[in-house]
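Step one of this worksheet: look at the structure below.
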There are 2 protein chains.
Amino acid sequence: MADVARLAGVSSQTVSRVSTGHPGVLESTRREVLNAMQQLGYRPNSAARALKRGEFRTIGVILFTLATTGNSRTVEAIAAHAAREGYAITLIPVAVPTQDGVLGAFTRLGELAVDGIIVIMEVHLLDAVDLTLPPGVPVVVVDSDAGDRYPVVDADQADGARQAVRHLLDLGHETVWHVTGPDESFSSARRAQAWQAVLDEAGRPAPECERGDWSAESGYRAGRRLAARPDCTAIFVANDQMALGVLRALHEAGRRVPEDVSVVGFDDIPDAASYMPPLTTVRQDWAEVGRLCVQGLLQQINRHTVQPGTVLVPTTLIKRESTASPL
Amino acid sequence: MADVARLAGVSSQTVSRVSTGHPGVLESTRREVLNAMQQLGYRPNSAARALKRGEFRTIGVILFTLATTGNSRTVEAIAAHAAREGYAITLIPVAVPTQDGVLGAFTRLGELAVDGIIVIMEVHLLDAVDLTLPPGVPVVVVDSDAGDRYPVVDADQADGARQAVRHLLDLGHETVWHVTGPDESFSSARRAQAWQAVLDEAGRPAPECERGDWSAESGYRAGRRLAARPDCTAIFVANDQMALGVLRALHEAGRRVPEDVSVVGFDDIPDAASYMPPLTTVRQDWAEVGRLCVQGLLQQINRHTVQPGTVLVPTTLIKRESTASPL
DNA sequence: GCGCGTCATGTTTGCGTAAACATCGGCAGT
DNA sequence: ACTGCCGATGTTTACGCAAACATGACGCGC
């Protein structure tokens with residue numbers, strides 16, 4: 001910076017003013033400085049800046065995996081919106097989904113240069129490590145029921161599930177079977193709860209759930225078991241990938257979709273429209289979730305206000321060709 | 001830090017020594033300092049640290065999208081390996097895949113606190129912005145043909161495509177049709193080139209390519225056109241998602257897979273094993289790509305050696321049930 | 001017993017930046 | 001002409017840390 005100042009014939013403070021866009025610099029001076037900067041290939045040192053300003057303009061995102069469509073889409077939206085606000089995002093992957101793994105990530109995070117944190121994971125995994133969450137660091141949580149302790153942003157999974165199950169009942173199915181995600185997943189639990197609630201309301205018997213792990217393969221296994229039951233005519237599957245497996249199992253068992261069995265998925269991943277048949281499913285707006293995360297976090301950072309509570313992003317039932325009235 | 005020093009009854013330098021793990025501190029003193037740190041909730045300020053040390057221990061990853069399986073998996077592997085080496089990763093999404101967009105990202109990047117950059121995108125988009133790539137900043141590129149200018153890491157797409165096409169020819173197909181990715185994609189070009197080369201070598205006619213955009217929907221459209229041609233018995237599709245669309249198109253046209261038409265995909269995304277039928281495809285080892293990126297970048301950072309050149313990660317043909325000899 | 005080396009610890013300094021304050025020149029109002 | 005004020009720019013300082021150097025205590029060999 002001193003070199004630039006010398007070349008431009010001004011003080012380093014003026015250089016600083018130019019590079020931060022402060023007002024009160026003569027246009028002619030500004031141009032001179034800009035010119036000197038370019039000539040010397042000067043770029044501000046962000047460490048010094050962060051040190052001086054006491055902020056990093058960086059948001060940390062802590063998650064288990066980018067392998068799920070939901071997570072990667074959410075992160076992408078977070079990154080895009082953060083960039084728009086002049087924030088970079090730092091990814092903190094938790095290698096192992098254990099409390100030790102989370103603890104490690106949070107320890108690293110404590111030393112990391114971030115102004116706030118977005119947590120994309122089940123909060124119960126955080127319970128044991130709360131102490132290490134640097135106090136005073138703004139946090140927003142996704143995919144969790146921690147609305148009483150942190151600000152939470154999430155898709156309205158319960159409502160999506162309700163729409164899915166009601167759609168099947170409205171088509172005239174006696175009841176709806178359900179393939180859940182893994183036990184640890186709060187999303188899975190909420191979807192299952194809503195499924196159960198709708199059946200209860202309608203006075204229909206709730207068959208026992210099949211349990212999967214989100215993978216198509218696990219959906220296939222669940223689907224084979226369901227395909228063997230002639231009374232099963234409608235299935236609500238907790239995500240699209242498992243639904244893909246269910247469709248294959250039904251196909252192999254000779255049960256037609258939607259003529260013999262109706263299937264509804266969850267997520268509306270891009271491929272779902274190309275399944276055989278195109279899948280009726282519940283769309284989640286991950287972009288909006290990401291946007292609200294960033295917005296909520298920046299609000300905390302700038303206004304120093306924290307409001308625990310859950311913000312729900314609406315979900316939409318997308319009707320395609322995998323559902324029909326029973327024959 | 002001063003507070004910690006006071007509480008522990010030592011100088012701030014000793015606190016620094018403890019927090020950086022430097023040797024030459026009496027065990028008893030160390031414990032005392034650690035204790036004081038905990039009590040005061042002290043955590044080192046990484047901005048100051050970076051300023052003093054002249055390094056950020058952060059790697060920037062610049063890419064267009066996390067929406068493709070390949071990108072998100074690669075990023076995940078990069079993050080994991082970087083974490084293991086004590087590096088954080090910062091995501092720089094390029095909103096618009098134009099040179100302006102890239103330019104913007106690199107400008108931001110220049111002011112960003114990173115010690116090196118991994119670029120996951122077509123390098124030709126960088127051409128116009130080379131000047132803004134901060135000189136002296138280590139770079140590794142993925143998915144590009146810039147091996148003469150930068151260190152490049154990539155899956156061996158040509159070999160994977162060769163294996164796929166040879167497999168189909170070996171099964172006895174007269175020739176192999178091809179559905180490509182979008183024009184701008186270098187991966188797509190390499191796969192198409194290899195496809196053409198194998199057919200040429202074998203003295204087979206190369207049918208005209210169908211062009212897609214990686215999406216299942218575009219695969220479906222290409223598949224419909226191919227399904228209409230009775231002479232088409234073997235299709236090499238440039239990725240799995242488009243293959244899903246091709247499978248649906250063939251199914252709707254009443255052409256059985258693999259009895260009437262064989263299909264090979266590329267990527268081996270987890271769902272591919274659950275397609276109908278399970279898809280024969282080429283597996284890419286994204287985790288290894290990510291690992292090598294980090295390794296190569298750290299080598300540059302630590303040893304100050306740059307070696308342009310391309311490192312290829314082997315790809316493997318995974319034979320499933322979508323390919324068979326023609327009837 | 002003296003000098004020297006060794007080890008634990010303390011003191012000084014500067015990394016690059018920007019806020020706070022200081023200065024300086026000119027212009028409006030009287 | 002003088003005061004006062006404002007706008008443009010310069011000077012000083014501190015952000016938190018860790019290298020480099022300084023100090024001081026202790027032990028060992030002669």
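Letters go in sequence order (proteins before strands), and every chain restarts at 1. Nothing here was measured: the structure is a model prediction, and the numbers come from that model.
The phosphate of dA8(D) (OP1 or OP2) has no side-chain N or O of T14(A) nearer than 4.0 angstrom. Using a 4.0 Å cut-off, some side-chain N or O of R53(A) falls inside it from OP1 or OP2 of dA18(C).
Of the residues in residues 21-29 of chain B, those with a non-hydrogen atom less than 4.0 angstrom from any atom of DNA chain C are G24(B), V25(B), L26(B), T29(B).
Side-chain atoms of S12(A) and R17(A) include no donor-acceptor pair closer than 3.5 Å. Under the 3.5 Å distance criterion, with hydrogens and angles disregarded, a donor-acceptor pair is assigned to the side chains of R49(B) and S19(B).
Side-chain proximity of S19(B) to dA18(C), dA18(D), dC15(D): nearest is dA18(D). Closest to the N45(A) side chain, of the nucleotides dA18(D), dG10(D), dG16(C), is dG16(C). Taking every side-chain heavy atom of K52(A) into account, dC15(D) is the closest of dC15(C), dC15(D), dC17(D). Here the nucleotide nearest the side chain of S16(A), chosen from dA18(C), dC15(C), dC15(D), is dA18(C). Closest to the A48(A) side chain, of the nucleotides dA19(C), dT17(C), dC17(D), is dT17(C).
When rounded to the nearest whole Å, the span between CZ of R31(A) and P of dA8(D) equals 15 Å. In this structure, OH of Y42(A) is placed 10 Å from C1' of dA18(C), rounded to the nearest angstrom. Taking atom CG of L40(A) as the reference point, atom C1' of dG16(C) lies 15 Å away to the nearest angstrom. Distance, Q13(A) CD to dT13(D) P: 14 Å, rounded to whole Å. Following rounding to the nearest Å, M37(A) (CE) and dT17(C) (C1') show an atom-to-atom distance of 12 Å. In this structure, CE of M1(A) is placed 13 Å from C1' of dT12(D), rounded to the nearest angstrom. Taking atom CG of L51(B) as the reference point, atom P of dC15(D) lies 13 Å away to the nearest angstrom. Separating the CZ atom of R49(A) from the P atom of dA19(C) is a distance of 10 Å, rounded to the nearest angstrom.
Between the side chain of S188(A) and the backbone N or O of G181(A), at least one donor-acceptor pair lies under 3.5 Å.
Annotation for P151(B) and V139(B): closest pair CD-O, 3.4 Å, computed over non-hydrogen atoms. The minimum heavy-atom distance between P138(B) and D115(B), with the atom names listed, is CD-O, 3.2 Å.
Counting non-hydrogen atoms under 4.0 angstrom, V10(A) reaches the backbone sugars and phosphates but no base.
A salt bridge does not link R30(B) with E32(B): every distance from a Lys NZ or Arg NE/NH1/NH2 to an Asp or Glu carboxylate oxygen is 4.0 Å or more.
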Worked check of side-chain hydrogen bond (donor to acceptor under 3.5 Å, both in side chains) between R6(A) and S11(A): CA-CA 7 Å; R6(A) 207 170 309 122; S11(A) 77; over 6 Å; no
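For a distance-only test at 3.5 Å, the side chain of R17(A) qualifies as a donor-acceptor partner of the base of dG10(D).
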